[in-house]
Amino acid sequence: MPELAEVEFERHRWSVGLGLAVSRVVLDEAAQVFRDTDPRALRRSLRGVTLTGSEARGKQICFRFGSDLWLGVHLGMTGELFVAPPGHARRKHEHLLLETAAGCLGFRDPRRFGRVRFARGAEEPDWWRAIPPGITSDAFTRARLAEGCARRARSPLKALLLRQDLFPGVGNWMADEVLWRAGLHPRRRAGSLDSEELGRLFRELRFVARGALRSVGASGGDPPRGWLFWVRWKDGGICPRSGVTLVRETVGGRTTCWSPGVQPEPGGRPPRTL
DNA sequence: TCCTATGTTGTATG
DNA sequence: ACATACAACATAGG
């Protein structure tokens, strides 16, 4: 599930434990998701401390415990957070459990592409501090977008949008959604956009990020009706804007869905509308 | 059985 | 330096 908005929703699940102490830590030391940390130190450190806050940046989540503990969670492809009744015993694919008075805060990830990080210190750890400004923040400017496009001028837009160092939180469906709304073909080279196209890309990046956060991010449901999201998953989908049959093929190494009706082929024929 | 999957990382190659 | 292709990680579901 996890792109920007899903990640934000998952983060919020653990909010029932805010202000509560961790009475028990259960984890699978050998689990792949702990490959970047010391799970035993994590277990020792978290027992007895209080969940004091959390924040999501792009696809990363950081939970704060006490005043100097940082627990990073990346959900990978199939990770999710959950709350189970107190006393919950660890089940298949559940890698971390934090018992609180409000329930058991859990992290589950069948495919184990996710990861858990852990640090102690007054300052933000590197893996957290290094995440660039979010798309919906004031620091994400049109100039910043233009600079990214210039630096990766030969990259297809689809590949560019998936870069977490430029567009934190954007994943496969959001990238397709943005390009579709902006009327830009996923194979367009990032350096080929004129000023007007750059403006559309900027506007739709923010629109999709905000719209996803308001819907999926707030309630855990689905994006608004009319979004490409609803028709992009299977062959034979119809473009909600032009009525033409959508195309699905690999761009930038990922399955990509685009509409010949509103996204003209680079250097190709003009868009066809019904 | 084969294919696909909302992600990331490493290697080989151009 | 940059980009691409591919495999790898590991599991579930159609």
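In what follows, every chain begins at residue 1, and chains take the letters A, B, ... in the order their sequences are listed.
The side chain of Thr78(A) places no N or O atom within less than 4.0 Å of a non-bridging phosphate oxygen (OP1 or OP2) of dA10(C). Taking 4.0 angstrom as the limit, His93(A) places a side-chain polar atom (N or O) nearer than this to OP1 or OP2 of dA12(C).
In this structure, the NZ atom of Lys234(A) is 14 Å from the P atom of dT6(B), given to the nearest Å. Rounded to a whole Å, the CD atom of Glu8(A) is 22 Å from the P atom of dT6(B). The distance from atom CZ of Arg151(A) to atom C1' of dC2(C) is 12 Å, rounded to the nearest whole Å. Between the CD atom of Glu80(A) and the P atom of dT6(B) there is a distance of 17 Å, given to the nearest Å. When the P atom of dT4(C) is taken as reference, atom CZ of Arg163(A) falls 11 Å away, rounded to whole Å.
Of the N and O atoms on the side chains of Arg210(A) and Thr136(A), not one donor lies less than 3.5 Å from an acceptor on the other residue.
A cation-pi arrangement is present between Arg108(A) and Phe82(A) under the rule of less than 6.0 angstrom and at most 45 degrees off the ring axis.
A salt bridge does not link Glu204(A) with Arg200(A): every distance from a Lys NZ or Arg NE/NH1/NH2 to an Asp or Glu carboxylate oxygen is 4.0 Å or more. Remark: Arg115(A) does not engage Asp109(A) in a salt bridge, criterion side-chain N to carboxylate O under 4.0 Å. Ionic pairing of Arg151(A) and Glu147(A) is present here: one or more N-O contacts between side-chain nitrogen and carboxylate oxygen are shorter than 4.0 angstrom.
As rounded to the nearest Å, dC3(B) and dC6(C) have P atoms that lie 15 Å from one another. As rounded to the nearest Å, dT6(B) and dT4(C) have C1' atoms that lie 23 Å from one another.
Judged by Watson-Crick or G-U wobble contacts below 3.5 Å, the nucleotide dA8(C) has dT8(B) as its partner. In this entry dA1(C) has no Watson-Crick or G-U wobble partner, no candidate having both defining distances under 3.5 Å.
Counting non-hydrogen atoms under 4.0 angstrom, Lys92(A) reaches the backbone sugars and phosphates but no base.
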Might you list the N or O atoms of the protein lying below 3.5 Å from N or O atoms in nucleotides 7-10 of chain B, with each pair's distance?
| unit_1 | atom_1 | unit_2 | atom_2 | d |
| --- | --- | --- | --- | --- |
| dG7(B) | OP1 | Lys59(A) | NZ | 2.7 |
| dG7(B) | OP2 | Asn172(A) | N | 3.4 |
| dG7(B) | OP2 | Arg254(A) | NH1 | 3.0 |
| dG7(B) | OP2 | Arg254(A) | NH2 | 2.4 |
| dT8(B) | OP1 | His74(A) | NE2 | 3.2 |
| dT8(B) | OP2 | Lys59(A) | NZ | 3.0 |

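Map Phe229(A) and Arg154(A) each onto its nearest nucleotide of DNA chain B; the residue landing nearer the 5' end is Phe229(A).
Classification of the Phe229(A)-Trp173(A) ring pair by plane angle, with boundaries at 30° and 60°, yields perpendicular.
Between Phe63(A) and Trp14(A), the distance from one ring center to the other falls under 6.0 angstrom.
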